[in-house]
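In what follows, a single structure is set out as structure tokens and then discussed.
Chain letters run A, B, ... following the sequence lines, proteins first, then strands; residues in each count from 1.
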Amino acid sequence: KAGVTQTPRYLIKTRGQQVTLSCSPISGHRSVSWYQQTPGQGLQFLFEYFSETQRNKGNFPGRFSGRQFSNSRSEMNVSTLELGDSALYLCASRILAGSYNEQFFGPGTRLTVL
Amino acid sequence: GENVEQHPSTLSVQEGDSAVIKCTYSDSASNYFPWYKQELGKRPQLIIDIRSNVGEKKDQRIAVTLNKTAKHFSLHITETQPEDSAVYFCAAFSPFSGGGADGLTFGKGTHLIIQP
């Protein structure tokens, strides 16, 4: 079974631009979560999608948004990029939401904002 | 919401010695505690987990202990080897509680360095 995949793996943008990241979960997994990872801050939760609905959201500004499609693939969008948005963005999938089951991470997208 | 504190942020041990990483959590309803290992340039991967109805779990050289009363849990690695060098994250899962959705809250990570 293929693992969680993310595209692109690396991205360089300039301040003020917007970016869209994509995540394809493991086949059969319906929940996709997004995290921002920066040195010293660990894994900060952005949001979780399940059955095309956002069911949980972390403390990030409205510039960060996401969506999920009927095939469970998810996209994350960041508008009006700031230097501080430079980070590794990880997505993770699990079978269901509402009860705990192992969360599998993708390889991440490294975003650099210049 | 849940808050997870993890200590230390950096831990350096001699190869062959033991390493212990500690985490505390705030939500007494949290019932599942996974540990993830992230090697340099790689994705986090689950190495061991424990549910709230168990006090200790062991898998070869790694073990996790949970004290529900004190709301803390720890990762123990014995006979450390160079390949144990990585960043380790603890996490706590809070179940759905009516007012909000469930989810995992991560600690900030511990950079474990194994000195040869």
Q. Counting heavy-atom pairs under 4.5 Å to chain B, which of Gln44(A), Glu102(A), Arg110(A) comes out on top?
A. Glu102(A)
Q.
Please tell me whether Phe60(A) and Phe47(A) form a close aromatic pair, meaning their ring centres lie under 6.0 Å apart.
A. no
Q: Answer yes if the ring centres of Phe45(A) and Phe106(B) are under 6.0 angstrom apart, and no otherwise.
A: no
**Q.** Interchain contact, Leu43(A) with chain B, by part (heavy-atom threshold 4.5 Å)
**A.** both
Q. Is the centre of the Trp34(A) ring less than 6.0 Å from the centre of the Phe64(A) ring?
A. no
Q: Name the region of Gln37(A), side chain, backbone, both or neither, that has any atom closer than 4.5 Å to a heavy atom of chain B.
A: side chain
Q | Options Ser33(A), Gly42(A), Pro107(A), ranked by heavy-atom pairs under 4.5 Å with chain B, top entry | A | Pro107(A)
Q. Using a cut-off of under 4.5 Å for heavy-atom pairs, which of Pro44(B), Ser9(B), Gly109(B) has the most such pairs with chain A?
A. Pro44(B)
Q | Verdict with reasoning, Val20(B) to Lys22(B), per side chain to side chain contact (heavy atoms under 4.5 Å, CB included) | A | CA-CA 7 Å; Val20(B) 180; Lys22(B) 299 182 179 182; 4.1 Å; yes
Q: Determine whether the aromatic ring centres of Phe104(A) and His29(A) lie less than 6.0 Å apart.
A: yes
Q) What part of Gln38(B) gets closer than 4.5 Å to chain A, counting heavy atoms only: side chain, backbone, both or neither? A) side chain
